[in-house]
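A short worksheet on the structure shown next.
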Amino acid sequence: MILKLRGDKMQNWYNEFINKNYKIKNNDIKVLFSYEPLEGISNEDAIGRIASESSSGTWTTLTELPKLLPKTKAYAYFYNKNYVKIAYPRIIFENGSIPAMLSGFAGNIFGMKAVKNLRLIDAELPSDYIKDFKGPNYGKDVIKKIFKRKHGPITSVVPKPKLGYTAKEHAEKVAYAIWKGGMDCIKDDENLTNQFFNKFDERVKYVAKFRDKAEKETGDVKEAFLNVTSPNFKELERRIKLVHDYGFKYFMLDLVVSGFTAMQTASELAHDYNMAIHGHRAMHAMFTKNPKHGMTMLYFAKLARLIGIDQLHIGTVIGKLEGNKDEIIAMKDMIMQKKVKEIFGLRMNQDWRKIKSMLPVSSGGLHPGLLPEIFDIYGTTDIVLQVGGGTQGHPMGIEAGAKAVMQSIEAYKEGISLEEYAKKNKELRVALEKWGYERPI
């Protein structure tokens, strides 16, 4: 399809939103895009449309203009090949509202005919914008404040199969065995909410009962990431309160499917109840997987940190889910560090100021044989490690599977190869006999 420009006035209106000499203001939001114009559209015509349509422009010249217009215009101030940086004036964004921000530079522009592909890579958020957000309640401090340890990893298991256990089976057969095997947490899978065979309220009650039993027997803190994802805000608030009232310090939320308003609401409640949020990214790949179009997982993770999610799935590099190593490391640094520097094409600069760090969650197709590779990438101190089938698929049973995971962690920390450590640890040896160092696809 070739789109023809019709008349100089339309073209000139869009070109008013391009200014390579624009003097960036301290409170501008600077956004990096990659783009691909439709055949017949020049780079300048494409980026002019992107800047215009995502701020205060439209498709034609207008007969009447407000006096405030010049202060509301975004400007493409840098473009090179298929990358463009656009500065958005702070005045056009509502304070403390992620939906309001995304309706601009992540809104209608992605459906424009003149742009064949458009990808939001990152945005540098000024202090004047981030000051209205609380960020994570705990961040990496969950390790010492909730689990009473100096270092991680925090270990967790997602019951497999994803669906089929009753609430009592979920707690007694899986959670209790996991905790007895030495791991910290049990986690609901993303599509386990309030099914008739595993009601949410019953699951909370039973998991709390066996958590108390496991804590008494082991002397360690045990937690659960219970999925509060709900059909409406009233039910979301009720579920979070229920989890809190049963003594849990965490709750889990499916972030993408719940939406940014629900994320911000959940964050407010987490701060009110002094809880941590485990963020699941189910559905993210619908807009992050295509490298030419959509939005990067890095920017979604950045928004999650800003909003106040304490830990988030960001990929494993070596597991069953998609994830480029360079992108994942750039993302890990973005959510963990106080200041990050630009890596062109991957991320922008960012000074987080008062916003706490957010822990990365590594999950998806892991088993004991793969953990040393994960730790080489992430380290062992500040990470949430999730091993589902790689725990429950252990030939000796679930508790033995949990022990094998813990033995793999111990071997890495002691600088001993898994093969050597397995000679005196049967659970690890059996795990290696089954899975070896296989990377699931």
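Numbers here simply count residues along the sequence, with the first being 1.
- Ion pairing of D122 with K85 is absent here, as no side-chain N (NZ or NE/NH1/NH2) approaches a carboxylate O to less than 4.0 Å.
- K434 NZ: more than 12 foreign heavy atoms inside a 6.0 Å radius.
- With respect to the salt-bridge test (charged N to carboxylate O, under 4.0 angstrom), the residues R347 and E327 do not qualify.
- For the pair E124 and K302, the salt-bridge criterion is not met [side-chain N within less than 4.0 Å of a carboxylate O].
- Using the six-membered ring where Trp is involved, F105 and F93 have ring planes that are perpendicular, over 60° apart on the 30 and 60° scheme.
- Between Y421 and Q407 the shortest side-chain heavy-atom distance falls below 4.5 Å.
- The side-chain heavy atoms of H278 and Q386, taken from C-beta on, include a pair separated by under 4.5 Å.
- D28 has no carboxylate O lying under 4.0 Å from a charged side-chain N of K23, or vice versa, which leaves the two without a salt bridge.
- Judged by the 6.0 Å and 45° rule, K20 forms a cation-pi pair with Y79.
- The distance between the ring centers of Y165 and H170 does not fall below 6.0 angstrom.
- Within 6.0 Å of NZ on K116 lie no more than 12 heavy atoms contributed by other residues, nucleotides or ligands.
- In this structure, P153 and I409 have side chains that are in contact, with non-hydrogen atoms separated by less than 4.5 Å.
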Checklist entry - Can H284 and H313 be said to form a ring-ring contact (aromatic ring centres under 6.0 Å, His included), step by step? => result CA-CA 11 Å; H284 80 94; H313 297 231; 9.6 Å; no

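- A salt bridge does not link R281 with D254: every distance from a Lys NZ or Arg NE/NH1/NH2 to an Asp or Glu carboxylate oxygen is 4.0 Å or more.
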Next on the checklist: Could you walk me through whether D128 and N26 satisfy the side chain to side chain donor-acceptor pair (under 3.5 Å) test, starting with their C-alpha distance in whole Å, then the side-chain angles of each, then the deciding distance to 0.1 Å, before giving a yes or no?
Outcome noted: CA-CA 9 Å; D128 183 59; N26 289 334; over 6 Å; no

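- For the atom pair I154 CD1 and C185 SG, the distance stands at 6.5 Å (nearest 0.5 Å).
- Side-chain contact between V228 and V243: present, with at least one pair of heavy atoms (C-beta onward) separated by less than 4.5 Å.
- Note: I50 CD1 to S55 OG = 11.5 Å, rounded to the nearest 0.5 Å.
- Separation of atoms CG (L303) and CE (M263) is listed at 7.0 Å; rounding is to 0.5 Å.
- Within 6.0 Å of NZ on K140 lie no more than 12 heavy atoms contributed by other residues, nucleotides or ligands.
- Among Y250, F251, F248, the single residue meeting the ring-ring contact (aromatic ring centres under 6.0 Å, His included) criterion with F225 is Y250.
- Under the 3.5 Å distance criterion, with hydrogens and angles disregarded, a donor-acceptor pair is assigned to the side chains of R90 and N95.
- Using a 4.0 Å cut-off between charged side-chain N and carboxylate O, R239 and E235 make a salt bridge.
- Between Y412 and F375, the ring-plane angle classifies as tilted under the 30° and 60° cut-offs.
- Here the side chains of L32 and F344 are in contact, with some heavy-atom distance below 4.5 Å.
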Checklist entry - Going through the checks in order, is the side chain to side chain donor-acceptor pair (under 3.5 Å) test met by T155 and D184? => result CA-CA 5 Å; T155 55; D184 300 311; 3.2 Å; yes

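- Two residues are said to be in side-chain contact when any heavy atoms from C-beta on lie closer than 4.5 Å; Y129 and M101 meet this criterion.
- Other residues, nucleotides and ligands place more than 12 heavy atoms under 6.0 Å from the NZ atom of K131.
- When all heavy atoms of P368 and G390 are compared, the closest pair comes out as CD-O, 3.5 Å.
- Side-chain contact between L226 and R203 is present, with heavy atoms from C-beta onward closer than 4.5 Å.
- Note: Y83 and F33 fail the aromatic proximity criterion, with ring centroids not under 6.0 Å apart.
- Because its NZ or CZ atom is both nearer than 6.0 Å to the ring centre of F17 and within 45° of the ring axis, K73 counts as a cation-pi partner of that residue.
- By the 4.5 Å heavy-atom criterion applied to side chains, P37 and N82 are counted as neighbours.
- Between H293 and F110, the angle of the ring planes goes over 60°, which puts this pair in the perpendicular group of the 30/60° scheme.
- The number of heavy atoms from other shown groups lying within 6.0 Å of NZ (K173) does not exceed 12.
- In this structure, H367 has its ring center no closer than 6.0 Å to that of H394.
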